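Working notes, structure below.
Here the structure is a predicted model, which means the values were calculated and not measured. Below, all heavy atoms of this structure are taken into account, side chains as well, without hydrogens, waters or symmetry copies. Throughout, protein chains are lettered first and strands after them, A, B, ... in sequence-line order, and every chain is numbered starting at 1.
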2 protein chains.
Amino acid sequence: MKTKTKDDYAAQASVIKAMAHPTRLLILNSLKKREICVCELRDLVGDDMSTVSKHLSLLKNAGLVAARREGNWLHYRLLRPCVLKFADCVAGLKD
Amino acid sequence: MKTKTKDDYAAQASVIKAMAHPTRLLILNSLKKREICVCELRDLVGDDMSTVSKHLSLLKNAGLVAARREGNWLHYRLLRPCVLKFADCVAGLKD
DNA sequence: CATATGATTGGCTATTTGGCAAAATAGTAA
DNA sequence: TTACTATTTTGCCAAATAGCCAATCATATG
């Protein structure tokens, strides 16, 4: 295993940063089982749709989710389920 | 498994946010094998000691590290090695 | 006591972020 | 085309963040 460079850590941090928000964790968890359209995510989250859309594009840029269009609807799906394990590991810290 | 609440996600996000910085990832990784004093971490990181100290107190508040004093030196150690697995999972995303 | 060393805290500035609302875009349907 | 729906983008602003420097704290030693 080679030593990690500053760039490695920066890349890692940018992905982690994408997850570092309650709403985005909720979104990622909701996408665990099935793909969901933005309007349904808006209802789940309870924020303005534009806000949810911003969170989604942030997650998309991080490579964590992708979208599939079906008529007017964009269905988002989780690309990297492994990040939820990470999130669960963090959730277990309270012990 | 019960449904996660907003508070659950907020707590989780605050820990993840603590990790979401290149310098802090470097620090956490450096502490994987052994405890390290602040002055050595400063050399590893290359930033001002006050900056490193702030990163450390942030990690401490998140419950990820703890310090042990030995004379003038404060030795930090990793409390939650599991978070590094998470970080490695994220690092593997580039495939 | 004074001084030196390691570490933290406070102050400051520049940058980033999250949220809403309005405007713009993409697709559907008449 | 027009109208309608779903989504994204832009603009704006308040709040949080990162970094350095200076000041302060904590401990050790003369």
Side-chain angles (χ1 to χ4, degrees), chain A residues 6-7 9-28 30-31 34-79, chain B residues 6-7 9-28 30-31 34-79:
Chain A
K6 291 235 174 201
D7 280 352
Y9 287 118
Q12 218 173 315
S14 75
V15 177
I16 295 179
K17 195 157 75 172
M19 303 177 60
H21 190 285
T23 296
R24 295 196 287 272
L25 286 176
L26 169 54
I27 290 174
L28 291 173
S30 304
L31 296 178
R34 59 184 176 89
E35 57 179 27
I36 305 181
C37 69
V38 182
C39 55
E40 189 179 341
L41 287 171
R42 175 203 55 201
D43 294 340
L44 286 171
V45 168
D47 283 339
D48 193 275
M49 165 128 52
S50 69
T51 300
V52 174
S53 179
K54 267 189 191 176
H55 285 306
L56 285 169
S57 71
L58 215 154
L59 290 171
K60 190 166 55 179
N61 287 336
L64 296 178
V65 304
R68 175 180 67 85
R69 181 175 284 278
E70 197 173 304
N72 273 333
W73 290 267
L74 278 179
H75 298 270
Y76 277 83
R77 69 181 180 280
L78 185 60
L79 286 182
Chain B
K6 290 235 174 201
D7 280 352
Y9 286 119
Q12 217 173 316
S14 76
V15 177
I16 295 179
K17 195 156 76 171
M19 303 177 60
H21 191 285
T23 296
R24 295 196 288 271
L25 286 176
L26 168 55
I27 290 174
L28 291 173
S30 303
L31 296 178
R34 59 185 176 89
E35 58 179 27
I36 306 180
C37 70
V38 181
C39 54
E40 188 178 342
L41 286 171
R42 175 203 55 200
D43 294 339
L44 286 172
V45 168
D47 284 340
D48 194 273
M49 166 129 53
S50 68
T51 299
V52 175
S53 178
K54 281 182 182 174
H55 284 306
L56 285 168
S57 70
L58 214 154
L59 291 170
K60 189 166 55 178
N61 287 335
L64 296 177
V65 304
R68 177 182 66 86
R69 181 175 284 278
E70 197 174 305
N72 273 335
W73 293 266
L74 278 180
H75 298 269
Y76 278 85
R77 67 180 180 281
L78 185 59
L79 286 182

Query raised in the report: Do any side-chain nitrogens or oxygens of B/Tyr76 fall under 4.0 Å of OP1 or OP2 in C/dG6?
Result: no

Report task. Answer yes or no: does a side-chain N or O of B/His21 lie under 4.0 Å from OP1 or OP2 of D/dG19? Result -> yes

Query raised in the report: If you pin B/Met49 and A/Ala20 to their nearest nucleotides in DNA chain C, which one's is more 5'?
Result: B/Met49

Query raised in the report: In whole angstrom, what separates A/His75's NE2 from C/dA26's P?
Result: 19 Å

Query raised in the report: Where do A/Ala62 and A/Ala18 come nearest, in terms of heavy atoms and distance?
Result: CB-CB, 3.5 Å

Requested in this report: Starting from the C-alpha separation in whole Å, work towards a yes-or-no answer on side-chain contact (heavy atoms from CB on, under 4.5 Å) for A/Val45 and A/Thr51.
Outcome: CA-CA 10 Å; A/Val45 168; A/Thr51 300; over 6 Å; no

List, one per line, each side-chain donor-acceptor pair under 3.5 Å for residues 36-43 of chain A, sequence neighbours excluded.
from	atom 1	to	atom 2	distance (Å)
A/Glu40	OE2	A/Arg34	NH2	2.7

**Report entry** Interatomic spacing from CG in B/Leu56 to OG1 in B/Thr23 - rounded to 0.5 Å
**Finding:** 10.5 Å

Would you tabulate the nitrogen or oxygen pairs shorter than 3.5 Å linking the protein to nucleotides 21-26 of chain D?
from	atom 1	to	atom 2	distance (Å)
D/dC21	N4	B/Ser50	OG	2.9

**Report entry** N/O donor-acceptor pair under 3.5 Å between A/Ser30 side chain and A/Leu26 backbone
**Finding:** yes

Query raised in the report: Between D/dT9, C/dT9, D/dA18, which nucleotide gets closest to the side-chain atoms of B/Arg24?
Result: D/dA18

Query - Below 4.0 Å: OP1/OP2 of C/dT17 and any side-chain N or O of A/Lys17 - result: yes

**Report entry** Distance in angstrom units between A/Leu41 CG and D/dT7 P, rounded
**Finding:** 9 Å

Report summary line: To the nearest angstrom, the CG-P distance between B/Leu74 and C/dT5 comes to 17 Å

Requested in this report: Looking at every strand, decide which applies to A/Lys60 at a 4.0 Å heavy-atom threshold: base, sugar-phosphate, or nothing.
Outcome: nothing

Report task. Taking only the side-chain nitrogens and oxygens of B/His55, find out if one of them lies under 4.0 Å from OP1 or OP2 of D/dT17. Result -> no

Query raised in the report: Atom CD1 in B/Ile16, atom CZ in A/Arg24: separation rounded to 0.5 Å?
Result: 10.5 Å

Requested in this report: Check the distance between C/dA7's C1' and B/Arg42's CZ and give it to me in whole angstrom.
Outcome: 10 Å

Query raised in the report: Between atom CG in A/Asp47 and atom C1' in C/dG19, what is the gap in whole Å?
Result: 7 Å

